[in-house]
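A short write-up of the structure that comes next.
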Amino acid sequence: MFEKILIANRGEIALRIHRACRELGIQTVAVHSTADADAMHVRLADESVCIGPPPARQSYLNVAALLTAADITGADAIHPGVGFLSESADFAAMVQEHGFTWIGPSPEHIRIMGDKITAKQAVMKLGIPTVPGSAESLTDDEEAVSLANEIGYPVLVKATGGGGGKGMKIARNEAELRAALPLARSEAKAFFNNDAVFLEKFLERPRHIELQILGDGQGHVVHLGERDCSLQRRHQKLLEEAPSPALNAAARQEIGDIAVKAMLDFGYASAGTLEFLYEDGKFYFIEMNTRLQVEHPVTEWITGIDLVREQIKIAAGAALSFRQEDIRLHGHAIEVRINAENPDTFAPSPGLITDYHAPGGPGVRVDSGLFSGYRVPSHYDSLVSKLIVHGATRNECLMRLRRALEEYVISGIETTIPLHRRLIQSPDFLNGDYDIHWLERLMEDDRTRV
Ligand code: ADP
């Protein structure tokens, strides 16, 4: 097992990884920008290294500074967390070339899955169902138009290198498609430095259902059930639950069997997530995330498996200590993402936390680096806390979530807590009856009513 791990991240996810390390008896090294010198992930770590000024490009994305920090502290391994360099195949390869262990899948697997086209081609070969559309990048508009006629409108123009819900355009007819293609290409070039785009059928009312996978690269792969992440705004997740209210045991087993077999053939080692859209009882692969997910705690709670601990053990060469038949799903878990944002306009709201009280009691987990007197910097992602609740049933879980959201006090900045308090009162949400476009329809209704 490792003696010391460098955590190449910040905020709640750096803390989360620190906690798993401490429980395994592993020392931790935190890295931080000058804006994060007082952050909780720095305070709790055994050692810390300042890796640069506030802009992420000069600190959390600064490969030379990260490798130097690992070197001078004598770390054995690097955990990238989520975001930043966690899906950089180049960084993973460099970590290995410098003699550190990379806590994640092989650079080769990261590379294949990091590009939406090569990912789609790979999973099609592995027998995973995908969304109807092209499996190659479209350079010719006429070719795109004839493909759209074949699969039927509406279609989605997607950037091959896209991520974080960015780089997608809907076209409802040929004129819209002809207008969207050049726009999508130039945006993709500007955002992702890759102007390749492809076409997919736009699904009107799907749910976003993703499957958590663990593989050890030694002939064992298991799935830990699904997460339903259909509550989204601008293709970004706001709330996640497990199990999905829309899936029964037979559907879970069907997609689980397909995914496990595919990942075995692929030789996948580490934690990973296969993301699907689910409509009319059918699954359509959209992408694979070759890393930990922000919403991993809901899976941890219903399975009792610590995903970060498993990632670390697998990277250290251990085989999985359980089999598919050992995995049981218990109760229901929901995570809400609490962002430092105005709850109506979603404008960022960094600043000083003047008062802080986290909820507690049975079935409540808070993953957050916040405390009273902490200043939320303006340079990074606005996610400041994850509130996760568990109950024996979905109803119990919902009542608990309502109670926990009532207790939660974060003063001095605006957060999305009021939005969550409102959303979980909605009858559609209470019934589990929502799809990926539901929140936007609801907010549109609110606006027309005002
Ligand atoms: P990203 O890498 O940016 O997260 P994804 O391909 O994972 O992109 O898609 C993100 C979200 O966009 C999905 O959760 C879903 O809400 C929406 N989306 C993606 N593909 C489609 C599609 N074919 N039809 C409808 N919505 C889609």
Side-chain angles (χ1 to χ4, degrees), residues 82-84 86-88 110-124 128-135 137-138 144 147-148 150-172 176-177 180 184 187-188 190-194 196-212 226-241 244 246 272-280 282-295 335 337 381 383 434-443:
V82 316
F84 293 128
S86 61
E87 287 178 295
S88 165
I110 298 175
R111 202 179 306 282
I112 293 171
M113 293 301 174
D115 174 294
K116 287 186 198 295
I117 293 268
T118 52
K120 198 165 180 176
Q121 290 168 346
V123 302
M124 281 166 88
I128 294 178
T130 57
V131 187
S134 54
S137 86
L138 292 167
L147 180 68
E150 224 172 90
I151 60 178
Y153 288 95
V155 295
L156 199 59
V157 184
K158 270 188 169 179
T160 304
K166 296 194 178 67
M168 286 183 247
K169 297 214 170 302
I170 305 173
R172 298 201 171 268
E176 283 186 17
L177 178 61
E187 275 187 25
F191 279 119
F192 313 113
N193 198 26
N194 172 0
V197 297
F198 66 108
L199 217 61
E200 251 177 32
K201 172 98 188 144
F202 178 74
L203 301 177
E204 299 272 9
R205 300 228 158 178
R207 299 184 78 108
H208 173 118
I209 295 185
E210 59 185 35
L211 212 64
Q212 178 68 53
E226 78 284 2
R227 294 181 286 262
D228 194 321
C229 313
S230 303
L231 212 140
Q232 303 183 348
R233 177 181 167 269
R234 301 214 170 136
H235 307 306
Q236 298 212 36
K237 301 161 186 169
L238 283 182
L239 175 152
E240 303 93 357
E241 58 181 316
S244 167
T273 297
L274 290 160
E275 296 194 334
F276 297 92
L277 296 178
Y278 181 67
E279 192 175 69
D280 299 331
K282 289 204 189 81
F283 286 95
Y284 304 93
F285 171 88
I286 45 173
E287 69 165 350
M288 178 169 189
N289 288 320
T290 50
R291 54 165 170 84
L292 193 66
Q293 305 261 114
V294 170
E295 58 273 25
E335 170 183 285
R337 296 190 187 201
D381 190 276
L383 179 74
Y434 61 99
D435 59 62
I436 60 170
H437 309 301
W438 175 78
L439 181 60
E440 259 142 43
R441 285 196 300 269
L442 189 82
M443 295 179 80

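Each ligand, and each atom within it, is numbered from 1 in the order the structure gives. Worth saying up front: this structure is predicted, and the values here are computed from it rather than measured.
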Looking only at protein heavy atoms, identify the closest one to atom 8 (O) of ligand 1 and say how far it is in Å.
K116 NZ, 3.2 Å
Among L203, I209, I436, the residue with a heavy atom nearest to atom 15 (C) of ligand 1 is I436
If you scan protein heavy atoms around atom 16 (O) of ligand 1, the nearest is Q232 OE1, 2.6 Å
Counting from 1, what ligand 1 atoms have a heavy atom of F202 closer than 4.0 Å?
24 (N), 25 (C), 26 (N)
Report, in ascending order of atom number, the atoms of ligand 1 lying under 4.0 Å from any heavy atom of H235.
11 (C), 12 (O), 16 (O), 17 (C)
Hey, does R227 have a side-chain heavy atom less than 4.5 Å from the side chain of E335?
no
Looking at every non-hydrogen atom in both residues, tell me the closest pair between A148 and V155 and how far apart they are.
CB-CG1, 4.1 Å
Enumerate the atoms of ligand 1 whose separation from the nearest heavy atom of K158 is less than 4.0 angstrom.
6 (O), 19 (C), 20 (N)
Mind checking whether M168 has a heavy atom under 4.0 Å from ligand 1?
yes
Minimum-distance pair of heavy atoms, taken over all atoms of L138 and S134
CD1-OG, 3.9 Å
Can any side-chain N or O of Q121 pair as donor or acceptor with the backbone N or O of A135 at less than 3.5 Å?
yes
Is a side-chain N or O of T160 found less than 3.5 angstrom from the main chain of A196, in a donor-acceptor match?
yes
Of all protein heavy atoms, the one nearest atom 3 (O) of ligand 1 is G165 N, 2.5 Å
Nearest-contact summary for atom 7 (O) of ligand 1 - protein heavy atom, Å:
E287 OE2, 2.9 Å
Counting both backbone and side chain atoms, is some N or O of I286 under 3.5 Å from an N or O of ligand 1?
no
For residues L439 and M443, determine if any side-chain heavy atom of one lies less than 4.5 Å from a side-chain heavy atom of the other.
yes
Heavy atoms from other residues, nucleotides or ligands near CZ of R441 exceed 12 (cutoff 6.0 Å)
yes
So for K237 against ligand 1, with non-hydrogen atoms under 4.0 Å, the contacting part is neither
Report yes if some heavy atom in the side chain of C229 is under 4.5 Å from a heavy atom in the side chain of E295; otherwise report no.
yes
Which of the ligand 1 atoms, numbered from 1, are nearer than 4.0 Å to a heavy atom of E275:
7 (O)
If you count the atoms of ligand 1 from 1 in the order shown, which ones are under 4.0 Å from a heavy atom of H208?
13 (C), 14 (O)
Specify the protein heavy atom at minimum distance from atom 23 (N) of ligand 1: its residue, its atom name, and the distance to 0.1 Å.
K201 O, 2.9 Å
So the atoms of ligand 1 within less than 4.0 Å of a heavy atom of L156 turn out to be 20 (N), 21 (C), 22 (C), 23 (N), 27 (C)
Give, for atom NE2 of H208 and atom CG of D435, the distance between the pair rounded to the nearest 0.5 Å.
13.0 Å
At what distance, to the nearest 0.5 angstrom, does CG of L203 lie from NZ of K201?
7.5 Å
Minimum distance, heavy atoms only, to atom 27 (C) of ligand 1: which one of V131, D435, L277 is it?
L277
